[in-house]
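As the structure is a prediction and not an experimental result, all values here were calculated from the model. Residue numbers begin at 1 in each chain, while the letters A, B, ... track the order of the sequences. Side chains included, hydrogens not; waters and symmetry mates left out as well; all remaining heavy atoms used.
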Protein chains: 2
Amino acid sequence: MVLTEPPLTQTDCAECPIRHRAVCARCEPTELEQLESMKYYRSFEAGQTVIWSGDRMDFVASVVEGIATLSQTMEDGRTQMVGLLLPSDFVGRPGREVAAYDVIATTSLTMCCFRRKPFEGLMIKTPHIGQRLLEMTLDELDAAREWMLLLGRKTAREKIASLLVIIARRDAALKQVNTTTRIVFDLPLTREAMADYLGLTLETVSRQISALKRDGVIVLEGKRHVTIPDFDRLLGETGDDADGGPLI
Amino acid sequence: MVLTEPPLTQTDCAECPIRHRAVCARCEPTELEQLESMKYYRSFEAGQTVIWSGDRMDFVASVVEGIATLSQTMEDGRTQMVGLLLPSDFVGRPGREVAAYDVIATTSLTMCCFRRKPFEGLMIKTPHIGQRLLEMTLDELDAAREWMLLLGRKTAREKIASLLVIIARRDAALKQVNTTTRIVFDLPLTREAMADYLGLTLETVSRQISALKRDGVIVLEGKRHVTIPDFDRLLGETGDDADGGPLI
DNA sequence: CGCAGTCTTGACGGATCTCAATACAGGTGG
DNA sequence: CCACCTGTATTGAGATCCGTCAAGACTGCG
């Protein structure tokens, strides 16, 4: 991943890039102070495993920078990604001692970790964290349900197109650009990770990307750099209602 | 569905069958009083639509009795069930005006509805409802993620076996019987509903049920009445870790 | 009895997976 | 600088699972 900024070091909450979107978004200054006392930063390199399913987990955390994945693996090795963690997303579950999923950094990753016990205590004493966490969890549930439709009913081509739309949207939101400009981004996932996300094999992912390229729906430079010449055309390939709205 | 009890009429919260598991589980007597003032019961027949995706929704609700499904439909008619609503499950999202999914009663159904605006007000003023709703939402998110693994990676046979295990577990919990006894239950879903849940066609569902029957994994009387002679054998067919624990 | 809804079964085709060979890029060491 | 290696991606051939289309069976009901 192209990461021009210097790596984050422990910051004051007031200057935190995810301050207004993370689980702490609604916190009052006094609550923030308490959070500061139980927080610490951890960094991971691309490819590193943050935690294995079944491991004891003494913290919960917010993703500050980078991308991580949440996935489940069956005995025989089949794996399914069940979540994509972007900056401001929350990891872990208050009250749960043991991780339920594998968490893997797909890019270099910085997390703001809170010791679990004190965090749980703060959640009981103050309302704002729990309220925000409820909102975020409801959003994730909606996203999971949208993903169930994709996994259960969409064709391989539609799955790829849907993933590209999601990444394009996320990227646009991050860069604060709007629809009309040309859409260009780098895929943050390997073909294998995309396959795990979409419930496909990596060969099928590769073939469908080639097909979309051949049909002019996308333009590829190298393996990862994507240009979308006509976003509506791509939207039409997702199988979703014509009107999922424009880019954002 | 075989429903021997008389249909529920509006009850006092204190006598409510889902009192200790629903969104109101943690409420103090004073909070319950307030809830009573904003609640009303609604009943639906099997097959009736409770609400269409996109409809305005001025209430949230708990399922008191019966089973409902949450589903999403694509323009061309492909549909995917994204949730199975059992007694004590919560329907709707505080702060959301418009339903995001179709809700359909698969059996006769009774819901305890709360007018949305007053309910939202109560959520802000008192902590217990929000806390309980957060717990329930986190549980649903876990269930959705488990379902993503099923949809993305399991074979048709494994999908059917997994669904049977879920229904058997739910039924055992309801009847309060334990593992060792013979497991017998009625399927609460049509083949088509099962297909929508599992991301299959109804023909494939039918074929796989026949195959499990032929192989002695299940015994069928009529179309809906199922006996599981060897629960561990069925568990082995789900593809999950050998140890998902026994029946409950 | 006939009808509608639900379910089963068969034949066929196609989308996706599996297995395998090859290509490409970046990094390392000679 | 180039050979080599590793991880990632592409492409092909064949197999397989599941979907599609279609016919027919079972059940309950008017």
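- No side-chain donor-acceptor contact under 3.5 Å links Asp102(B) and Ser71(B).
- A straight line from CZ of Arg157(A) to P of dA15(C) spans 12 Å, rounded to a whole angstrom.
- Atom C1' of nucleotide dC18(D) and atom CD1 of Ile209(B) are separated by 16 Å, given to the nearest angstrom.
- Sparse packing is recorded around CZ of Arg21(A), with 12 or fewer heavy atoms of other residues, nucleotides or ligands lying under 6.0 Å away.
- Taking the nucleotide of DNA chain C with the nearest heavy atom to each of Leu220(B) and Leu200(A), the more 5' of the two is matched to Leu220(B).
- Atom CZ of Arg78(A) is separated from atom C1' of dC17(D) by 13 Å (rounded to the nearest Å).
- Here the shortest heavy-atom pairing between Met148(A) and Leu151(B) reads O-CD1, 3.5 Å.
- Atom C1' of nucleotide dC7(C) and atom CD of Glu221(B) are separated by 17 Å, given to the nearest angstrom.
- Scanning both residues, Ala211(B) and Arg157(B), for their nearest heavy atoms gives CB-NH1, 4.1 Å.
- Proximity of Arg207(B) to the phosphate of dC18(D): no side-chain N or O atom is located under 4.0 Å from OP1 or OP2.
- Here the P atom of nucleotide dG19(D) and the CG atom of Asp196(B) are 12 Å apart, to the nearest Å.
- In terms of phosphate contacts, Thr204(B) brings a side-chain nitrogen or oxygen within less than 4.0 Å of OP1 or OP2 of dG19(D).
- Going from atom CZ of Arg153(A) over to atom P of dT16(C) covers 14 Å, rounded to whole Å.
- Using a 4.0 Å heavy-atom cutoff across all strands shown, Gly47(B) reaches no nucleic acid atom at all.
- For the pair His225(A) NE2 and dA25(C) P, the interatomic distance rounds to 16 Å; values are reported in whole Å.
- Which of dC24(C), dT20(D), dT9(C) sits closest to the side chain of Ser210(B) comes down to dT9(C).
- Leu202(A) comes within 4.0 angstrom of a nucleotide base, judged by non-hydrogen atoms across all strands.
- Look at Thr190(A) and you won't find any side-chain N or O under 4.0 angstrom from OP1 or OP2 of dG7(D).
- At dA25(C), none of the side-chain N or O atoms of Arg224(A) fall inside 4.0 Å of OP1 or OP2 (strictly under the cut-off).
- Note: CD (Glu203(B)) to C1' (dT6(C)) measures 12 Å, nearest angstrom.
- When all heavy atoms are compared, the tightest approach of Val64(A) to Met111(A) is CG2-C, 4.1 Å.
- Side-chain proximity of Lys223(B) to the nucleotides dC18(D), dT8(C), dT10(D) is greatest for dT8(C).
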